[in-house]
Every structure is written in C-alpha cells, then in structure tokens.
Amino acid sequence: MADAQPKTDEDLFAFLDQLGARHQTKTHPAVFTVAESAALRDEIPGGHTKNLFLKDKKDQFFLLTVEEHATVDLKTVHQIVGGASKFSFGKPEKLMEYLGVVPGSVTAFGVINDIGQNVTIVLDEELMKNDIINCHPLRNDATTSIGRDDLIRFIEATGHKAHILKVTV
C-alpha cells in the first residue's frame, strides 16, 4: 500500500453494495474502547466486536475479531491460529499500512485495505453465533451492522480467508 490511500467508509459501503451484502450504519460519538461503546447496545442489536491487531516474532500479522467482552489468552492463542510465537500488539504504523485504520478504529472491515494479504483474519466461533455482527466502518464514530454470512462473504471477496476458530477463553 505504498502510495495508495486507505479506503473510506463510502468505499466500503459501495463494495458491500456490489456484493449484495445488506448493511446498516448508525453514526454516534467517537468511541475508543468497549466500555465507551456499551451505551450503544440498546440502539444497535447483534454481536459487538473487539478487535486485536497482533504479530508474532516472524512479523506475521493477525486480526482477531471477538465478541466485545470476550477474553483472549495472548500467551497461547498463537497456537490456535498458527502464529510462530507468543503474540504482541502490532504497531500503529503497520495497522495503518495494512488495514488503513488507526488504533480505536480497528475492524474486520479493515481487510478491504490489505491488498497484499499481509494479515490473517480470525473470527471467533462464539461471535459468529450471532446473526448480526457490528463493526466500525473504518472509523470509530459509526457502527455498521452486517449479517454473519455477508461478513464472511465480504472477507473472502477481499482475497482473505475467514478463519472461524475458538480463540476466546
């Protein structure tokens, strides 16, 4: 993504529309943490996400998308998802380079910017039990609701494989 500008929420919505994926977006004040977004639960039904941008010692990058209150054991999750070592958090520069977002706006939709398929995306099995999944649309002052199957179709349409694994404890 050397010279390419990250895609915008409008680019994302157009891509989803091209796929025939039903989606609905609600704007709200910017939220940076799960705790800050809790007030929106009554207004936006479905599974809400927490996203972890992680890397291993071989500089393999992973995006774990889990239910907002789920716990991930960072000492062992690499064994489940195929990491070469214990994970650390990816640097904001790599987050922007690969997913086109800043900390606080991390989202499964970020794979639309990962044209080099540098990031492995893992969706937690528990989260995927929800019919509707809620993610930031590349910015943290809105939430986009999308059907579980449409989210998987979106990820695959970007050239990524949607790995659905039990990564929470």
Test log, rule salt bridge (Lys or Arg N to Asp or Glu O under 4.0 Å), inputs Asp59 and Lys55: CA-CA 6 Å; Asp59 286 336; Lys55 69 177 261 340; 2.9 Å; yes
Within this structure, what is the [atom1]-[atom2] distance for the pair [X] and [Y], rounded to the nearest 0.5 Å?
X: Asp73; Y: Gln79; atom1: CG; atom2: CD; answer: 9.0 Å
X: Thr49; Y: Leu127; atom1: OG1; atom2: CG; answer: 7.0 Å
X: Asp11; Y: Phe109; atom1: CG; atom2: CZ; answer: 13.5 Å
X: Phe154; Y: His23; atom1: CZ; atom2: NE2; answer: 10.5 Å
X: Leu151; Y: Met128; atom1: CG; atom2: CE; answer: 5.5 Å
X: Ile133; Y: Thr144; atom1: CD1; atom2: OG1; answer: 13.0 Å

Polar contact flag, side-chain donor to acceptor under 3.5 angstrom, [X]-[Y]:
X: Thr107; Y: Asn51; answer: no
X: Ser145; Y: Asn134; answer: yes
X: Ser85; Y: His78; answer: no
X: Lys86; Y: Ser88; answer: no

Test of understanding: clusters of I, L, V, M, F, W, Y form through side-chain heavy atoms closer than 4.5 Å, transitively. Do [X] and [Y] belong to the same one?
X: Val167; Y: Leu52; result: yes
X: Phe13; Y: Phe15; result: yes
X: Leu12; Y: Ile155; result: yes
X: Ile152; Y: Leu63; result: yes
X: Phe62; Y: Leu165; result: yes

Do [X] side-chain atoms and [Y] backbone N/O form a donor-acceptor pair below 3.5 Å?
X: Asp114; Y: Val119; result: yes
X: His160; Y: Ile121; result: no
X: Asn130; Y: Ile132; result: no

Could you report the tightest heavy-atom contact between [X] and [Y], atom names first, then the distance?
X: Lys58; Y: Asp56; result: N-OD1, 2.9 Å
X: Glu125; Y: Ile164; result: CA-CG2, 3.9 Å
X: Thr25; Y: Ala142; result: CG2-CB, 3.8 Å
X: Ile146; Y: Arg22; result: CG1-O, 3.6 Å

Does some side-chain heavy atom of [Y] sit less than 4.5 Å from a side-chain heavy atom of [X]?
X: Leu95; Y: Pro103; result: yes
X: Gln60; Y: Thr120; result: no
X: Leu64; Y: Leu54; result: yes

Heavy-atom neighbours of Lys166 NZ exceed 12 at 6.0 Å: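 It does: Lys166 NZ has more than 12 such atoms within range.
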Neighbour count above 12 (heavy atom, 6.0 Å) for Gln24 CD: no
Residues Lys94, Glu97; criterion salt bridge (Lys or Arg N to Asp or Glu O under 4.0 Å); working and verdict: CA-CA 5 Å; Lys94 287 295 183 187; Glu97 179 183 346; 3.2 Å; yes
Option from Thr8, Thr27, Asp9 for which side-chain hydrogen bond (donor to acceptor under 3.5 Å, both in side chains) with Arg139 holds: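 It is Asp9; the other options fail the test.
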